[in-house]
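Within every chain, numbering begins at 1; the chains are lettered A, B, ... in the order of the sequence lines, protein sequences first and strands thereafter.
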Amino acid sequence: MKHEITRQGDVTVIALGGDVDLETSPKARELLLAAVKDSRRVLVDLSGVSYIDSSGVATLVEALQTARKQRGELALAAVSESARRVFELARLDKVFTIHATVAEGLG
Amino acid sequence: MKHEITRQGDVTVIALGGDVDLETSPKARELLLAAVKDSRRVLVDLSGVSYIDSSGVATLVEALQTARKQRGELALAAVSESARRVFELARLDKVFTIHATVAEGLG
Amino acid sequence: MTTDNEPERLALLRFPARADRLKLVRGLVTAAVRMCECDEALERDVVLAVDEACQNVVRHAYPAGVEGDAELEILRDGIVLVFRLRDFGPKVDASCLRPGKLKPNALNGRGLHFIHDIMDEVGCLTPSDGTGNLLEMRKRLNPCGTPRNET
Amino acid sequence: MTTDNEPERLALLRFPARADRLKLVRGLVTAAVRMCECDEALERDVVLAVDEACQNVVRHAYPAGVEGDAELEILRDGIVLVFRLRDFGPKVDASCLRPGKLKPNALNGRGLHFIHDIMDEVGCLTPSDGTGNLLEMRKRLNPCGTPRNET
Ligand SMILES: Nc1ncnc2c1ncn2[C@@H]1O[C@H](COP(=O)(O)OP(=O)(O)O)[C@@H](O)[C@H]1O
Ligand SMILES: Nc1ncnc2c1ncn2[C@@H]1O[C@H](COP(=O)(O)OP(=O)(O)O)[C@@H](O)[C@H]1O
């Protein structure tokens, strides 16, 4: 799994890439939870995700719930094609605000 | 393995693609030997080859020898990056005329 | 569509049930599905379902601190791919392997859903030597080309 | 660079020694090499060498008409990947596994060259139960990142 964290105005953008699986999702969890603690607005860029499984999905849900508890926001953007299907299976579109692009998510 | 055979002027161009391995090289052999029997000039386009092994290499050498026996020509063109390394290991540059592009091979 | 014959074995993979081995499983399963020339979406689905089943072995088959193996057999039965995943841990009641109601907000419980949504059949078999658990998953593929070796 | 410890097993693949199974081997080996985060050229080399060794089992280990299995064990010894390939056919003299002179024009004899050119060490071991042949190939990888789990 690769990641890149940037700050755009008041939004922390976390770009995840590669495989977000049982091995790497603890690292994704750490990054996401730190980000929602530090920042009221977090946008997760998923354009580089080549694989995500139920543990990756659970990590995103946990980060969302943590953000909400702190009255923050976490949204997703640019969901890659392979992640899209997993989101569909998990009915995540009912849970997350999902932006087509990072630019849209920042707007 | 995929293949496509086209006739360009007096040259038969055989484009091989995908894996040319122990399983598929008998098919490649069949195509190449038929082509060198039918046509005095054969150009093998290797741009689409994602994998080639010693059996694929042997097939190309056999086709070349068959062409020469019949006073024909067989040349290679557009060797893909993964095939290039195998050609290097097999010292095939000493055996074949290798063109950078199909256009060059037709010229 | 299954045949009466015992399906043909494509490969058998044995691996330590650890999270860092799952990418090896995915590499093998991807190649096995590709062998059957189905479309990419189906390929991704099957890889996900098998990975989720292996994850369950990694996370649940052995008590914390105990290392154990998983064994994945991949078979082909006409145009049906069959996956048999076994562990060598304590026997689990088959009812544990049925998914509950999918809760989009939950922090777990998705794995079995993915498996059941994707696969055509999921069932528990008895391992030949009686120990551990054996999960069978079957998926009918729709090859673009003609199915090979359908004997 | 090897360590004194017995190397750690990544996975063990058993498969019918048939040409159409080689792509499964390549899928698994590709994933195993990627686990060690080396560059792509090295990855391709290692996959080729292991495939060539498996080809030899497919073509030479069993008499024509006899079916048999191959078994590939992949281990990691620090930053050295170790491949142990075994067959269950008649015992072969180790000298058969040394490459002759490379003839660019020849129709065969390249496989062993590729294996020896690519791998750092190639040797014959004795299978634990004494039957068949066991080829060990070792390749030191140069991971871009830090090697993981180097215990
Ligand atoms: N090999 C196994 N050994 C023991 N328990 C298992 C095994 N496979 C599955 N299970 C059970 O199945 C459940 C897996 O559910 P799942 O939907 O994958 O989500 P989660 O693991 O997030 O709860 C576990 O709670 C466990 O009780
Ligand atoms: N598992 C095996 N069982 C029997 N013979 C083997 C085995 N592996 C390799 N060999 C021998 O090694 C040789 C392989 O040579 P190689 O360089 O791969 O090229 P080729 O197979 O084209 O001759 C064969 O001729 C065979 O005698």
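A pairwise comparison of heavy atoms in C:A31 and D:G27 identifies CB-CA, 4.2 Å as the closest pair. Closest non-hydrogen pair, D:L24 versus C:M35, comes out as CD2-SD, 3.8 Å.
Formation of a donor-acceptor pair under 3.5 Å by the D:R21 side chain with backbone atoms of C:L10 is found in this model.
Ion pair D:E8/C:R18 flagged as a salt bridge, since at least one NZ, NE, NH1 or NH2 atom sits closer than 4.0 Å to an Asp/Glu carboxylate oxygen.
For chain C, the option among D:L28, D:L12, D:V29, D:D69 with the highest count of heavy-atom pairs below 4.5 Å is D:L12.
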